[in-house]
There are 2 protein chains.
Amino acid sequence: MASDVRLDPVDLAILRELQNDARTTNKELAAAVGIAPSTCLDRVARLRSTGVILGTALRVDASALGRPLQALLFIRVQPHRGVLEPFVKHALEQPETRAVFHLTGADDFMVHVAAAGASDLQRLVLDQFTARPEVALVHTTLIFQQWEGGPLLPPTTSS
Amino acid sequence: MASDVRLDPVDLAILRELQNDARTTNKELAAAVGIAPSTCLDRVARLRSTGVILGTALRVDASALGRPLQALLFIRVQPHRGVLEPFVKHALEQPETRAVFHLTGADDFMVHVAAAGASDLQRLVLDQFTARPEVALVHTTLIFQQWEGGPLLPPTTSS
DNA sequence: GGTGAAATTTAGTCGGC
DNA sequence: GCCGACTAAATTTCACC
């Protein structure tokens, strides 16, 4: 549903604009990319239906919500198929979990969490991860600061 | 600007709704949380002005945009103040970069990237990171799959 | 701080090019 | 595929509680 979609320069301009601010009105968006509002509406609808645009997410301040301590948990699980799905499910059920990554390498998973403080993080790691039977090892790293990259756009091909 | 903001149950309901779908109309949102549309507009505006809501981001499919290979780069830099800012700036300037994290522990930074393929990733790591003088070591891990967590909400306090 | 109705802006539809 | 006029629905303002 989302592979090899043809994106012309106008589509790319739309994606760039909306990634800066997904609340941009269709009218402004059309003016910014140089097409009529009705055409712009079609373009965005197509980008949605083809799966290029997956949705719009609210960016919230974790500190303002009382979760100022963010960390990465690197986790090794027992090498059996069938433990992966329950593990991921359990990780996603924790309110502190922001994202889960299944990785190559020595550590099987990385879980990005936002905790209320050191004691909350300690409880999360020990009770919700280390204590689980399929979890072999948890290594915790704190996040000092983080930055978001610019708009995600296709690689520039010289074809 | 964003610390110790008082959030009542209505605010939390608004945040939960909008994190599910940031395009929810104000009318629907008001109905969902049980207040008048105009009141709801005030609430959301306050959440924005107080910095709880930082913005709305478009979620795009990296594969659909021709960047199907995502990876984490763990990077150690020379232990001198003054190298951090230029390094972060350079990392964020790469079109493949999705996010940059400054970490505790042996590795100073983790850079989340989305590449067009193995050769693009190789070029990125070698030419844009390993080649830089302040970079001491780069360790690359591929991402098999990733999941997003649920809505980020304040910890439930029993006060 | 919350509300309901009015005024304004926007999204979304449709026939024609 | 793109445009421009039209309809429907939304946002936003405001006087009042």
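All values reported here derive from a predicted model rather than from experimental measurement. Throughout, a chain's letter reflects where its sequence line sits, starting with A, and its residues are numbered from 1.
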Trainee: I need the CG-P distance between B/Leu41 and C/dT8, as an integer number of Å.
Mentor: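 It works out to 17 Å between those atoms.
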
Trainee: Whole angstroms only, please: what is the CG-C1' distance between B/Leu18 and D/dT11?
Mentor: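 Computing the B/Leu18:CG to D/dT11:C1' distance gives 15 Å.
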
Trainee: To the nearest angstrom, how far is A/Ile35 atom CD1 from C/dC17 atom C1'?
Mentor: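 The distance from CD1 of A/Ile35 to C1' of C/dC17 comes to 17 Å, rounded to the nearest Å.
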
Trainee: Looking at the side chain of B/Lys27, which of C/dT10, C/dT3, D/dA10 is the nearest nucleotide?
Mentor: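 Taking heavy atoms from C-beta onward, the closest nucleotide is D/dA10.
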
Trainee: Please find out if less than 6.0 Å separates the ring center of A/Phe74 from that of B/Phe74.
Mentor: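 Ring centroids of A/Phe74 and B/Phe74 are less than 6.0 Å from each other.
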
Trainee: If I take atom CG in residue B/Asp42 and atom P in nucleotide D/dT12, what distance separates them, rounded to the nearest angstrom?
Mentor: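 For the pair B/Asp42 CG and D/dT12 P, the rounded distance is 11 Å.
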
Trainee: Assign A/Thr39 to base, sugar-phosphate, or nothing according to its heavy-atom contacts below 4.0 angstrom with the strands shown.
Mentor: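 The answer is base, as A/Thr39 lies within the cut-off (heavy atoms under 4.0 Å) of a base atom.
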
Trainee: Strictly below 4.0 Å: does B/Arg43 bring a side-chain N or O up to OP1 or OP2 of C/dG2?
Mentor: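 True: B/Arg43 side-chain N/O within range (under 4.0 Å) of C/dG2 OP1/OP2.
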
Trainee: A/His112 vs B/Phe101 aromatic rings, parallel, tilted or perpendicular, using cut-offs 30° and 60°?
Mentor: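 A/His112 vs B/Phe101 ring planes: perpendicular.
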
Trainee: If you only use heavy atoms from C-beta on, which nucleotide in C/dT13, C/dG2, C/dA11 is closest to the side chain of A/Ser38?
Mentor: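 Looking only at side-chain atoms, A/Ser38 lies closest to C/dT13.
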
Trainee: Starting at atom CG of B/Asn26, determine the distance to atom P of C/dT9, rounded to an integer number of angstrom.
Mentor: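 Rounded to whole Å, this separation is 18 Å.
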
Trainee: Does the side chain of B/Arg46 get closer than 4.0 angstrom to OP1 or OP2 of C/dG1 through an N or O atom?
Mentor: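 For B/Arg46, the contact criterion (side-chain N or O under 4.0 Å from OP1 or OP2 of C/dG1) is met.
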
Trainee: Below 30° counts as parallel, above 60° as perpendicular, anything between as tilted: where do the rings of B/Phe109 and B/Phe87 land?
Mentor: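 It falls in the tilted class, 30° to 60°.
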
Trainee: Between B/Glu28 and B/Thr25, is there a side-chain donor-acceptor contact under 3.5 Å, judged purely by atom types and distance?
Mentor: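 Result is yes, a qualifying pair exists.
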
Trainee: Can you tell me how far P of C/dT10 sits from CD of A/Glu28, to the nearest Å?
Mentor: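 It is 7 Å, rounded to the nearest whole Å.
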
Trainee: When all nucleic acid strands are considered with a 4.0 Å heavy-atom cut-off, which category describes A/Arg23: base, sugar-phosphate, or nothing?
Mentor: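 Result for A/Arg23 = nothing.
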
